Amino acid sequence: MKKEVLNTPNNIIKGKIEIDSQINKLYYRILYNIQKENRQYIIKAKKGEELTEDQANILEELDRIGYLKCTVSYDEIQSIIRRRNDQVKEEVLKRFIALQTAIFRFSTGETTNEETQTQLIGQVSVSDNSYTVSLSAKLYRYLFYSVGVGFTPVNLAVLFNLKSQYSQALYVTLRSWSGVKREIEYTVEELREIFNVGSKYKAYKNFKQKTINVAMDEINNTSAMKIVEFKEIKKGRSVDKVVFVVEDLEPRFVLEENKDDSTEDKSVIWLDYIKVENEALKERLELKYNDMNFESPIVKALFHKSYDKTLNKDNRFTMIQDKKGKSNFALFNFIVNGEIFTHELSVESQFKINSTTQTLF
DNA sequence: CGGTAAGAGCATCTTTATTT
DNA sequence: AAATAAAGATGCTCTTACCG
């Protein structure tokens, strides 16, 4: 069997079948079903927060159990594989084989430098009305919890088409944060760990040239994610931290079906990238600030800034939500008011100029 | 087997910007 | 304003592994 191995030590060893977006969808579905049928292993924690004891125990148990199982029904297969001709057993199995032969290598890297190499899915068995698929518990843990906590399946179709190992690493980590905040900051040291460069590229210039630049170029050439801006924050003369400003163009929750599921996402985007919990809340915002001109770049910048500040203070998955006792909507409004206040002078002077020019006519 | 390409490392020169 | 460290740009070599 021929396997395409990329020339550098890489996260991914491609199987003989290309992972396309359809197979990626299938994989998303498997991950989703795995979650659904193994609810006891779901950890609902916020990013950057310490895990509770119970949650830590869940992670430990995941390490012990070896693999998780789920079923994928024929109906689900049909909704993913649209072409009638491809809905036959042989074709479906071909797609499972693609996932079975593609190998993913990762290090959980918490205590030791342990590396794991596993197929994207394990055993597949066929029954009368469904497929039963197993998935390595370690891989599940890595995909969902390692890079940060949250439900963040990476897009394999994107991942597999990134050539450089650094692109892959950066994509996975940015993807894991992009649902939470737009500006993602790392110290150079953290980034070195993420890229696993060890003692290579001691000088930042070399590091940047060989890893960051390569990765950003490649990621920006995908249609899944755009790194809009890259900032370097200096401490003295040397770069200490870097910030990626990311626009994630991939839907976060591809799992739209099952309306009763609590992970369902109805969020809408307001003013370029402000993620609002739902349409109703967005309307509320627009109504509340209906005296503002949303076309104005100044106004936009003001809201963007307030939004970023809100997320920094209250980092949750859904951005501006308004649930009983769990609202960062109020915080956002508070910050907006503060911003309006500090900008008032300039806004006012602008207004005055306008009104005087108007009186001339 | 040799050609090719990517990654890595090193050296050199130029540019930028902080420090004094 | 001058000194100087850091970063940028470029080019060369070496290694490795793919590919015909």
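Here the structure is a predicted model, which means the values were calculated and not measured.
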Lys/Arg N to Asp/Glu carboxylate O, A:K208 vs A:E232, below 4.0 Å: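 Salt bridge flag = yes for A:E232 with A:K208.
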Aromatic centroids of A:F303 and A:Y289 separated by under 6.0 Å: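 Between A:F303 and A:Y289, which both carry aromatic rings, the centre distance is below 6.0 Å.
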Rounded to whole Å, please give me the gap between [atom1] in [X] and [atom2] in [N].
| X | N | atom1 | atom2 | value |
| --- | --- | --- | --- | --- |
| A:Q209 | B:dT12 | CD | P | 17 Å |
| A:E232 | B:dT18 | CD | P | 13 Å |
| A:N206 | B:dT12 | CG | P | 15 Å |
| A:N213 | C:dT10 | CG | P | 13 Å |
| A:I212 | C:dG8 | CD1 | P | 10 Å |
| A:D240 | C:dA5 | CG | P | 20 Å |
| A:F207 | B:dA8 | CZ | C1' | 15 Å |

Candidates C:dT10, C:dA7, C:dG8 - which lies nearest the side chain of A:K208: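 The answer is C:dG8.
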A:D128 atom CG: more than 12 heavy-atom contacts under 6.0 Å: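 Atom CG in A:D128 is not packed in, count stays at 12 or less.
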Parallel, tilted or perpendicular, as decided by the 30° and 60° cut-offs, for the rings of A:F294 and A:W270: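 Because their plane-to-plane angle is over 60°, the rings of A:W270 and A:F294 count as perpendicular.
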